[in-house]
Student: 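The structure that follows is given in the form of structure tokens.
These numbers come from the heavy atoms of this one structure, side chains and all, not from hydrogens, waters or symmetry mates.
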Amino acid sequence: MGTTDSTARPHAPSGGAAKTRPAGGPSRKSRTARRAGRGGGGGVIHDNIRHTTRFTVIGNDLAQHPDLSLVAIGLATHIQSLPSGAKVDIVTLAERFPEGRKCISRALNELEAHGYLRRTTSRNPSGHIITITVSCNHPEPSRAAAPAAPAPLPTPLPEATPEADSAAPEDPSLPAPSSPPGRTVGKTGGRTGGKTAPRRPALPAVPQPLYPAPGLLEVAFTVVAGLRRHDNRLLVSTAEAEHLVPGVAAWLERDCTPEDVFHALTRRLPDTPLHRPAALLAHRLTDGLPPLPALGGPPAARHPLQNCDTCDRAYRAPEPGTCPACTP
């Protein structure tokens, strides 16, 4: 006479046993049709199957991001699904997808501006400069690239006037104010002779990029720093370069290459001495700003990389020769 263990857990049917649906039970298609009827016939209906292999978890903060474009969200999903070490440069992605280099470049800049990508450059043991890309599936708000706030200008000291001097009576019990050694202060509050140094006028405003990604600003700074190699008169200070970099980045966002911006800033320079080259560059960045590119246009022709015969810099052209910077 056999016994039954009532404490044993029931086992699932073996792999060879076929799972059968009770007779007369609703099928999967009928359940989906009933859900569609309850929804009033509008909106999406999910017919999902649970994945057990070859899947990637994507957060809704990315999939439903209110500020990212559809191309950027799709590109971030593709990058997060790749294994570590996979190439995600613009050339590789343009060969994989039909959007083209310019559209992919804008999407990468969007992801970098919102913290989903971090791109840094370093030099490998062979001496070549490489780009290291870090993909973040849940970026912190502090990681998102934001334009640096301009440093506050120093508050000028109020100048003394003869009326103020006469209005304030002097107390004979107080000692006379002393001036710093080697400097004589007059009634006008200036230096020797009552003259003050004239304040230099501020530089003209420059365009600002829509997505000031660190990689984009780094390329723009390289363009500004390389102008003096073309003409020694285009040497600018560090503060002036930081003022011009956002304007160059705005050009790069409008599908301009670094060579295009370099040529626009250095063409037909006047023969007379440049008293303030940064003001001239800021005016050219604003006056010649190209329009934003149309979305969905045909991709531009991609020429192969060539090495300049003069400066040995890499540039794109259909045939070998000299880069635009070295072309007279």
Student: Between Thr266 and His230 (side chain of the first, backbone of the second, donor and acceptor by atom type, cut-off under 3.5 Å), is there such a pair?
Tutor: no

Student: Between Thr77 and Thr56, is any pair of side-chain heavy atoms under 4.5 Å apart?
Tutor: no

Student: Is there a side-chain contact between Arg254 and Pro291, using heavy atoms and a 4.5 Å cut-off?
Tutor: no

Student: Enter the distance from Leu235:CG to Leu274:CG here, rounded to the nearest 0.5 Å.
Tutor: 11.5 Å

Student: Would you say the side-chain atoms of Glu240 pair up with the backbone N or O of Ser237, donor to acceptor, closer than 3.5 Å?
Tutor: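 Present.
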
Student: Starting from the C-alpha separation in whole Å, work towards a yes-or-no answer on side-chain hydrogen bond (donor to acceptor under 3.5 Å, both in side chains) for Thr310 and Thr322.
Tutor: CA-CA 6 Å; Thr310 303; Thr322 57; 5.5 Å; no

Student: Is it true that atom CZ of Phe221 has more than 12 heavy atoms of other residues, nucleotides or ligands lying nearer than 6.0 Å?
Tutor: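 Check fails, neighbour count at 12 or below.
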
Student: Which value, rounded to the nearest 0.5 Å, describes the distance between Thr52 atom OG1 and Arg54 atom CZ?
Tutor: 11.5 Å

Student: What are the two closest heavy atoms between Pro204 and His243, and how far apart are they?
Tutor: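 Here Pro204 and His243 meet closest at O-NE2, 2.7 Å.
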
Student: Of all heavy-atom pairs between Gly115 and Cys136, which one has the smallest distance, and what is that distance?
Tutor: O-CB, 3.6 Å

Student: Which pair of heavy atoms, one from Ala317 and one from Gln306, lies closest together, and at what distance?
Tutor: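 Scanning both residues completely, I find the closest heavy atoms to be O-NE2, 3.3 Å.
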
Student: Would the distance check show the side chain of Asp287 and the main-chain N or O of Arg284 forming a donor-acceptor pair, the cut-off being under 3.5 Å?
Tutor: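 Side chain of Asp287 to backbone of Arg284, a donor-acceptor pair under 3.5 Å: no, none is there.
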
Student: Is any side-chain heavy atom of Cys256 less than 4.5 Å from a side-chain heavy atom of Pro290?
Tutor: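 Yes, their side chains come closer than 4.5 Å.
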
Student: Between Ile73 and Gln64, is any pair of side-chain heavy atoms under 4.5 Å apart?
Tutor: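 No, their side chains stay 4.5 Å or more apart.
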
Student: Please say which of Leu68, Ile104, Leu70 ends up in a side chain to side chain contact (heavy atoms under 4.5 Å, CB included) with Leu75.
Tutor: Ile104

Student: According to a 4.5 Å side-chain heavy-atom criterion applied to Ile, Leu, Val, Met, Phe, Trp and Tyr, with indirect links allowed, do Leu108 and Ile58 form part of one hydrophobic cluster?
Tutor: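 Leu108 and Ile58: one cluster.
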
Student: Side-chain contact, heavy-atom cut-off 4.5 Å: Val134 with Leu117?
Tutor: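 Not touching, per the 4.5 Å side-chain cut-off.
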
Student: If hydrophobic clusters are built from ILVMFWY residues whose side chains come within less than 4.5 Å, do Val248 and Leu203 share one?
Tutor: no

Student: Using a 4.5 Å cut-off on heavy atoms from C-beta on, say whether the side chain of Val206 contacts that of Gln208.
Tutor: yes

Student: Return each pair, listed once, that meets salt bridge (Lys or Arg N to Asp or Glu O under 4.0 Å) where at least one residue sits in residues 227-238; pairs must be two or more places apart or across chains.
Tutor: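 Sorted pair list: Asp231-Arg233.
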
Student: Out of curiosity, Arg106 CZ to Leu111 CG, how far, rounded to the nearest 0.5 Å?
Tutor: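 Going from CZ on Arg106 over to CG on Leu111, the span is 13.0 Å.
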
Student: How far apart are the C-alpha atoms of Arg119 and Glu112, what are their side-chain angles, what is the distance that settles it, and do they pass the salt bridge (Lys or Arg N to Asp or Glu O under 4.0 Å) test?
Tutor: CA-CA 8 Å; Arg119 290 184 289 183; Glu112 191 170 7; 2.7 Å; yes

Student: In this structure, would Leu244 and Leu289 fall into the same cluster of hydrophobic residues linked by side-chain contacts under 4.5 Å?
Tutor: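 Linked, Leu244 and Leu289 end up in one cluster.
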
Student: Angle between ring planes, His114 versus His65, binned at 30° and 60°: parallel, tilted or perpendicular?
Tutor: perpendicular

Student: How close do Ala249 and Ala220 get, heavy atom to heavy atom, and via which atoms?
Tutor: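 Of all heavy-atom pairs spanning Ala249 and Ala220, the closest is N-CB, 3.7 Å.
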
Student: Applying side chain to side chain contact (heavy atoms under 4.5 Å, CB included), run through Phe97 and Val71 and close with a yes or a no.
Tutor: CA-CA 11 Å; Phe97 298 102; Val71 177; over 6 Å; no

Student: I want to check something: taking the side chain as every heavy atom from C-beta on, are Val219 and Leu252 in contact at a cut-off of under 4.5 Å?
Tutor: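 With C-beta onward as the side chain, the pair touches.
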
Student: Roughly how far, to the nearest 0.5 Å, is the CG atom of Leu217 from the CD atom of Glu242?
Tutor: 11.0 Å

Student: Could you go through Leu285 and Trp251, starting from their C-alpha distance and side-chain angles, then the distance that decides it, and tell me whether this counts as side chain to side chain contact (heavy atoms under 4.5 Å, CB included)?
Tutor: CA-CA 8 Å; Leu285 288 173; Trp251 281 59; 3.8 Å; yes

Student: Does Glu253 use its side chain to pair, donor to acceptor, with the backbone of Leu210 at less than 3.5 Å?
Tutor: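 Such a contact is found between Glu253 side chain and Leu210 backbone.
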
Student: Under 4.5 Å between side-chain heavy atoms, counting indirect links through other Ile/Leu/Val/Met/Phe/Trp/Tyr residues: same cluster for Ile79 and Ile90 or not?
Tutor: yes

Student: If I compare all heavy atoms of Glu218 with all of Thr121, which pair ends up nearest, and what's the gap?
Tutor: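 Scanning both residues completely, I find the closest heavy atoms to be OE2-OG1, 2.9 Å.
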
Student: Measuring only between side-chain heavy atoms, which start at C-beta, is Thr286 closer than 4.5 Å to Pro207?
Tutor: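 Result yes, sub-4.5 Å side-chain heavy-atom pair found.
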
Student: In Å and rounded to the nearest 0.5 Å, what is the CG to CG distance from Leu62 to Asn137?
Tutor: 9.0 Å

Student: Within a reach of under 6.0 Å around CG of Asn232, are more than 12 heavy atoms found that belong to other residues, nucleotides or ligands?
Tutor: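 No, not enclosed.
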
Student: What closest approach, in Å, do Val236 and Pro277 show between heavy atoms, and which atom pair accounts for it?
Tutor: CG1-CG, 4.5 Å

Student: Between Thr257 and Arg316, does a side chain to side chain contact (heavy atoms under 4.5 Å, CB included) hold up when you go through it step by step?
Tutor: CA-CA 10 Å; Thr257 63; Arg316 290 193 176 274; over 6 Å; no

Student: Once you round to the nearest 0.5 Å, how far does NE2 of His78 lie from OG of Ser135?
Tutor: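 Here the rounded value is 11.0 Å.
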
Student: Taking Cys323's backbone N and O only, do any of them form a donor-acceptor pair with Thr327's side chain (distance below 3.5 Å, no angle check)?
Tutor: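 At least one qualifying donor-acceptor pair exists.
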
